[in-house]
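Values in this document were obtained by computation on a predicted structure and should not be read as measured data. All heavy atoms count here, side chains included; hydrogens, waters and symmetry mates do not. Letters go in sequence order (proteins before strands), and every chain restarts at 1.
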2 protein chains.
Amino acid sequence: MVKTDFSPIADTTRRAEIVALLRRAILTGQLEPGQKLNELRISEQMRVSRAPLREAMRELVQEGILTSIPYAGTFVIDVTAKDIDDAYSLNKVLDEFAIERTWPQRDLRFFDELDRRHEAVKQATRDLDTTRQIETALQLHGLIYEWADNSVLLETWQRLTSRLQMYFALHQQARKEAVPAEDVHETYVRLLKGTDCQAAQRHAREHIDLDFEELLAYARSLEQRPSKGA
Amino acid sequence: MVKTDFSPIADTTRRAEIVALLRRAILTGQLEPGQKLNELRISEQMRVSRAPLREAMRELVQEGILTSIPYAGTFVIDVTAKDIDDAYSLNKVLDEFAIERTWPQRDLRFFDELDRRHEAVKQATRDLDTTRQIETALQLHGLIYEWADNSVLLETWQRLTSRLQMYFALHQQARKEAVPAEDVHETYVRLLKGTDCQAAQRHAREHIDLDFEELLAYARSLEQRPSKGA
DNA sequence: TCTTGTTAGATTGTCGACAATCTGATTGTC
DNA sequence: GACAATCAGATTGTCGACAATCTAACAAGA
């Protein structure tokens, strides 16, 4: 008997596709923070009715990247320096925990996947595809969460990821030219393959630090300027 | 000039009320794990149309207490021993972090609120109102998250709380008579008022331990029995 | 008997229209 | 001119009906 592993078929509801479309638009920065989402306009553009669109928006509100005010509208979340700092500090704690849990579970498949994702980042870097670069870097980073064998932790990470991706995308948009250092993940991958768990945990912190420092500086610089409200 | 603090007015959409109703029904165990939510029936019972009900359900799916399968239905999540264990271990990590962050922020208002919530737990215990007992105990526990001044951490805790409340409610339903020890929170409150941060962190772990141990034992006993599927 | 095709019923997904609410401009009054 | 009342337009919230899909029961054939 041949045993084949089938993965679940794709969600074929309009709602699911709308969620994916909207999320992508937000996370890549096509929709700016604070921007209002006009239901009628978007539903016409997507050629769907407002019902599935509204349901999709409700999901993204709960996911934390949209915010809704009854009878006023649904908006892309505003990003403050504090939000980034909050996400950053929580991320550090979660990372430490994820590495601790993943550590004894590492095996060949883990290392393979680690290399695969690392390669994806390097490819995106070569292609100068900054959006994909952010995406793949977060996927590389997310591997420890997938292997930590803790569903609640994984969910938490996925929620956090949404925001991180949004933050970094905004950052990237701001300084269009510059491409990040060619291989900041080399050490991270090497340590995850090594034998010193604590060293890996320590590096994870510092590695994030580098990215976030710049991000925070950018966010703070934005908030220095007063908004254009007269 | 008199300065009055106004709290935001209540959400006056049906959707918000439906969310509250459904959440309460799930967290108190009125709706059992795995149970299917029939949209037509519920909408008729609540005297609302399916649109706001469906939007409300979408929110609860994202909140993690409902799960949805396209064209099949929306169900109350199933609770496994592993789920509880996952939530428990993550909770430990978050607690440690929350206490660390709250520690320097403690002031008179914090201590007042701590006493107030502690009192609420004791009151619910005297009233033998187990549902409210769980609710107030979690609110007492949530104080450190509200004072940690980290919005992402707070959101994460609130998501976790939903599940914890559900787990404990299920547990309570199983052993109807027994009321938990009269004041397991005395030490917790005292330590949070004290000067030894690490001692508080240590106790938070162990205190949770007690509750969870029993909970886990119960969940595991459930899974020992094979389900009634022939 | 097992498998496959069909069908009816129930349930979810989607749609278009109406009701409730907000916003901003306009008008009238002091 | 300043301020409150009114109104029109736009937008969100809700409704009832229709379309798409699933489930289970039944029939037909190997």
Would you mind classifying the nucleic acid contact of B/R15 as base, sugar-phosphate or nothing, using non-hydrogen atoms under 4.0 angstrom? sugar-phosphate

I'd like the 5' and 3' limits of the part of DNA chain C contacted by chain B, with heavy-atom contacts below 4.0 Å. C/dT11 to C/dT14

Flag, side chain of A/K36 to backbone of A/A72, donor-acceptor distance under 3.5 Å: yes

Between A/V48 and B/L40, which has a closest nucleotide on DNA chain C that is more 5'? B/L40

When you look at CD of B/E32, are more than 12 heavy atoms from neighbouring residues, nucleotides or ligands closer to it than 6.0 Å? no

Do B/R116 and B/E119 meet the salt-bridge criterion of a basic N to acidic O distance under 4.0 Å? no

Between A/T130 and A/Q172, is there a side-chain donor-acceptor contact under 3.5 Å, judged purely by atom types and distance? no

A/R126 CZ: over 12 foreign heavy atoms closer than 6.0 Å: yes

Enter the inter-axis angle for the ends of the helix from C/dT1-D/dA30 to C/dC30-D/dG1 (five pairs per end, rounded to 10°). 10°

Under 4.0 angstrom, heavy atoms only, what part of the nucleic acid is B/R14 near: base, sugar-phosphate, or nothing? sugar-phosphate

Taking the basic N atoms (NZ, or NE/NH1/NH2) and the acidic carboxylate oxygens, is any pair closer than 4.0 Å for B/E17 and B/R14? no

With side chain to side chain donor-acceptor pair (under 3.5 Å) as the test, would you mind laying out the steps for A/Y145 and A/D95 before giving the verdict? CA-CA 8 Å; A/Y145 289 92; A/D95 251 28; 2.6 Å; yes

Could you verify whether a donor N or O on one side chain and an acceptor N or O on the other, from B/D129 and B/Q133, lie under 3.5 Å apart? no

So which one's nearest nucleotide on DNA chain C is more toward 5', A/Y71 or A/S49? A/S49

Considering every strand and a 4.0 Å limit on heavy-atom distances, what is the contact class for A/L37: base, sugar-phosphate, or nothing? sugar-phosphate

Between B/E55 and B/R50, who's closer to the 5' end of DNA chain D by nearest nucleotide? B/E55

